[in-house]
Each structure stands twice: as C-alpha cells, then as structure tokens.
Amino acid sequence: MKERAWHVGTSQEAIEMHERYIVQTYRPHKFVYAKGEGVWVWNPEGEKKMEMLSCYSALGGGHCHKAILDAFVRQANRYWPGSNAFYNDVAPLFAKELVEFCGMAKVLPINTGAEGVERAIKIARKWGYTCKENTGDSLGFESVVEAAETAKNWGHKEKGIPLDTAQIIVCDNNFHGRTITVISASSHEQYRKYFGPLTPGFTFVPYGDLEALEKAITPSTVAFLAEPIQGEGGVVVPPDGYLKGAREICHKHNVLLIWDEIQTGLGRCGKRFAYEYEDARPDILILGKFLGGGPGQVSAAVCSEKVAGVLGYPEDGSTFQCHPIDCAAALAALRLIQDEELAERAFELGNYFQAGLENIHSPQVKEIRGKGLLKGVELKHDLGGAKPFVARLIDEGILCNQTHEHTIRFAPPLIITKDEIDWALSIVKKVLTEP
Ligand SMILES: Cc1ncc(COP(=O)(O)O)c(C=O)c1O
C-alpha cells in the first residue's frame with residue numbers, strides 16, 4: 001500500500017489548504033509550524049523562529065517539554081478516555097494536586113477556556129438562587145441538616161434571588177471566550193453582532209473602576225467576573241488596589257468574586273496567579289491554556305469552600321471532561337511549575353525583559369505594560385496599528401502577535417533563558433528603532 005502523508009510538505013501548501021478547507025475565523029500570520037523544541041520552532045522549509053506568543057500563554061513549558069510529553073505519551077499508551085460514566089485513575093490525582101496548588105476546595109474540570117467560564121457562570125447563578133442556609137438539596141448533600149451545617153461553616157449567607165433573574169457584573173473590554181453565553185458577556189460588538197439572541201444577565205462596568213463596580217451591584221447580583229490583567233484586551237493592567245478592592249466589595253455585598261486567570265495564571269505573570277499580587281483570593285478561579293501543559297485540553301472552574309458543593313448530579317458534564325491523557329499532561333504541567341519554580345522565574349525574567357524593552361527608548365512606543373512574562377508594547381496610535389511591526393518581528397525571527405490594534409504582545413515560554421531574552425531584545429530593538 002502506498003504510504004500516506006500525515007502532514008503537508010510546504011508552507012505554501014499548508015496555507016492554501018488551510019484557507020480552502022478551514023472556516024476562516026482568524027487571520028493567521030503566514031508562518032507554518034512544522035517542528036517545535038523549547039522556545040524554538042521551525043517551518044516546513046527549516047526556517048527557525050523564537051516562540052514569543054506560546055499559543056496565547058498555553059505553552060508555559062515551551063514546545064514538547066520532555067516532562068509533559070512523557071506524561072502525555074505514557075498515559076496515551078495505558079488507556080484512553082472511558083467517559084464520566086466511570087472513574088479513571090488519573091483525573092483524581094490531577095484534581096487533588098490542582099486544588100492544593102490553588103488553595104481551594106474542589107475543581108470542576110472541563111476542556112476549553114470558554115467552557116470553564118460557562119461553568120463558573122452556572123455555579124454563580126445556582127449559588128445565587130439556592131444559597132440559603134436551609135436549602136440542603138441545592139448544595140448536593142445527602143441530608144438537609146448536613147448541608148445546612150456545611151453552609152454555615154462555609155460562611156454562606158442568605159441570597160435567595162428569584163429564579164432566572166441573576167445578574168453577573170463583567171468589565172468592558174474583557175475577553176472570556178467565544179460561546180454564545182460568553183460573547184453575551186462581551187462588550188465587543190464584532191464578537192456579538194450576528195449571534196443573537198444573546199444570553200441575558202450581564203451588567204457592564206469599566207475595567208479598573210471600583211466605584212462603578214460597587215454602584216452596579218443590586219440585590220440580583222450574584223458575581224463579579226473579571227481578568228486580573230486583560231490579556232486579549234491589550235495587556236491592560238488595572239490600577240494598584242483594584243484586585244483587593246474588588247475582593248472587599250464582593251465580600252461586603254455577598255457577591256462571588258470570579259477571576260478568569262486562563263491567560264494570566266499558572267506562573268505567567270510572575271506569581272502562581274495574578275490575583276496574588278494583591279492577595280485577592282476569588283470564590284471561583286477559572287484556569288485553562290497552560291493547565292493542559294500544551295498538548296492537553298484542560299480547563300477548570302476551581303471552587304472555594306463557599307461554592308464547592310453548589311453543582312451536583314445531573315447538572316453538568318461533558319464527554320471529554322476528566323480525559324486521562326489530558327489530565328496526565330496537566331499533572332505534569334502543575335509539577336513542572338513547582339519543580340522548576342516557573343512563577344518565580346517569570347517574575348525575575350519578566351522584570352529583566354521589561355527593563356530591556358524600556359532601554360530601547362523607541363520613539364514609536366507609547367507604553368510598555370504587563371507583569372511577569374506577559375508583556376504588551378503599545379505603539380503610538382498615529383503609526384496606524386501594530387500589525388506591520390508584528391509582521392517585521394516575525395520576519396526577523398520572533399513569533400508574537402498584536403492584541404488590540406496598537407499593542408504588540410509578547411508571552412514567551414516560562415522556560416526562556418536570559419540569553420534568549422537578550423536575543424529577542426536585539427530583534428525588538430531593530431524593529432522598533434530602524435526604519
Ligand atoms: C482570559 C481568557 N479567558 C477565556 C479565554 C478563552 O479560552 P479558550 O480559547 O480556550 O476558549 C481566553 C483565550 O484567549 C482568555 O485569554
């Protein structure tokens with residue numbers, strides 16, 4: 001039998017076939033991945049580039065990290081998902097280590113980031129409707145007495161919002177994903193325009209504005225959902241005190257705090273989680289991207305004690321939830337973050353990278369923002385947008401992208417070295433200072 005190909009042979013072919021057969025909802029830059037190793041990648045023609053986007057932060061360990069790859073392959077050779085009709089022997093270990101890593105109570109695993117956000121919304125809404133000290137059945141416990149006791153220990157207060165009226169406060173300029181409910185929580189017209197009727201129940205406030213947040217809270221408010229740094233929104237860092245202030249306001253009004261750390265979490269911003277900069281522990285923490293290590297598709301709504309018992313049978317589920325191969329990669333990623341101190345590394349190298357970017361003193365740059373190894377370089381708006389600069393950076397050897405119109409985003413793998421950052425800085429300097 002004739003040997004069949006498992007990938008296309010040239011960049012040109014890949015681009016043409018992609019555009020012919022895949023619905024074009026993105027406009028990718030014209031680089032085709034054919035091989036990856038750490039922070040370096042190659043196209044089919046053997047051209048080498050530096051990875052400085054990391055699949056929107058999903059590749060904290062870089063490409064094909066041995067520890068993650070070994071875990072993934074090891075499990076792929078044992079058995080494949082058996083569905084949530086049965087238990088498996090990998091997901092519980094991953095869940096235990098994740099819950100301990102986060103200092104939370106329980107986790108609801110799922111696959112994509114947007115699905116994690118959906119789960120957080122479900123938990124928050126049900127909590128709003130059923131969180132009364134005496135509604136045992138809503139908490140998923142065997143007995144009303146046990147549930148009431150637990151609820152009391154968890155500090156639940158009466159909420160009892162009438163069914164179907166819950167409101168969740170979200171921020172202008174957010175990005176939480178692309179499902180219908182999640183785009184309903186977006187202020188971006190281009191994500192929502194043709195997809196109505198949208199899901200009701202979201203109230204918008206400006207990002208970074210604590211006064212607006214407190215003013216927007218009504219008796220129907222169940223949660224405040226936000227990113228500690230808006231990644232897709234242009235690497236927008238809120239004012240100092242915002243995270244802690246949001247925590248306090250939510251606490252004061254008995255409203256859940258939900259941080260979407262899908263992009264900012266798991267070491268990316270120089271702490272395990274970006275909210276740790278202000279000790280603003282959430283009631284629900286949403287994770288994704290690097291949670292699956294790169295090869296795995298794992299996201300999660302990680303629950304504090306307060307909401308850990310809210311959802312129960314048969315209120316949620318998905319075929320590939322707790323997928324053992326994905327969970328094996330996720331477990332390896334969690335251990336890698338701790339063993340190699342990736343958060344501490346991102347903190348140090350992030351400061352080094354920031355200083356290097358500032359030292360370029362480019363007259364084209366308006367602002368350099370970000371924490372850890374998530375950086376946004378906003379260009380002056382009269383330059384007409386970041387896209388041509390990104391194209392030049394890619395040509396010169398650095399894969400990155402623009403987020404929002406005017407900002408170049410850099411999010412290298414957390415295993416990048418100082419020397420590699422120096423090399424990247426030399427390219428950035430060239431692109432931002434030479435015509
Ligand atoms: C903060 C944030 N939330 C949610 C998502 C959506 O994740 P996914 O694309 O896996 O659905 C993203 C993706 O970029 C994100 O950055």
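- Residues in residues 222-249 take part in these salt bridge (Lys or Arg N to Asp or Glu O under 4.0 Å) pairs, two or more places apart or across chains: E232-R409, R247-D283.
- For an aromatic pair to be called close, the ring centres must be under 6.0 Å apart, and F101 with F273 satisfies this.
- The closest side-chain donor-acceptor pair between Q338 and R335, if any, does not fall under 3.5 angstrom.
- Between the CG atom in L53 and the CD1 atom in I408 there is a gap of 12.5 Å [rounded to 0.5 Å].
- Geometrically, K418 engages Y352 in a cation-pi contact, judged by NZ or CZ lying under 6.0 Å from the ring centre and within 45° of the ring axis.
- Interatomic distance, CD of E344 versus CD1 of I337, reported as 10.5 Å (0.5 Å rounding).
- Contact check for C303 versus I123: side-chain heavy atoms found under the 4.5 Å cut-off.
- Comment: E315 does not engage K122 in a salt bridge, judged by the lack of any side-chain N to carboxylate O separation of less than 4.0 angstrom.
- Using a cut-off of 4.0 Å between Lys/Arg side-chain N and Asp/Glu carboxylate O, E358 and R369 are scored as not salt-bridged.
- The neighbour count for K380 NZ, taken as heavy atoms of other residues, nucleotides or ligands under 6.0 Å away, is above 12.
- Between the side chains of Q167 and T221, not a single donor N or O lies within less than 3.5 Å of an accepting N or O.
- Judged purely by distance below 3.5 Å, without hydrogens or angles, the side chains of N111 and Q297 never pair a donor atom with an acceptor atom.
- A salt bridge links E305 to R281: one of the charged nitrogens lies within less than 4.0 Å of a carboxylate oxygen.
- With respect to E261, the side chain to side chain contact (heavy atoms under 4.5 Å, CB included) criterion is satisfied by exactly one of I229, L287, I286: L287.
- Distance check, rounded to the nearest 0.5 Å: OG1 of T10 to CE of M17 gives 8.5 Å.
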- What's the verdict on salt bridge (charged side-chain N to carboxylate O under 4.0 Å, His left out) for E47 and K49, showing C-alpha distance, side-chain angles and the deciding distance? CA-CA 7 Å; E47 252 183 276; K49 308 274 180 192; 3.3 Å; yes
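- From L373, atom CG reaches atom CZ of F410 across 12.0 Å, with rounding to the nearest 0.5 Å.
- Residues Y33 and F31 place their aromatic rings such that the two centres sit under 6.0 Å apart.
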Below 3.5 Å, can you tabulate the donor-acceptor pairs from side chains in residues 57-68 to any protein atom, sequence neighbours excluded?
unit_1, atom_1, unit_2, atom_2, d
S57, OG, R268, NE, 3.4
H63, NE2, E51, OE1, 2.8
H65, ND1, A67, N, 3.1
K66, NZ, D70, OD2, 2.6

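- The pair K96-E100 meets the salt-bridge criterion, with a side-chain N (NZ, NE, NH1 or NH2) lying under 4.0 Å from an Asp/Glu carboxylate O.
- Here E340 does not pair with R345 in a salt bridge; the nearest charged N to carboxylate O distance is not below 4.0 Å.
- Remark: K193 NZ to F195 CZ distance equals 10.5 Å, nearest 0.5 Å.
- A donor-acceptor pair shorter than 3.5 Å cannot be found between the side chains of Q263 and K289.
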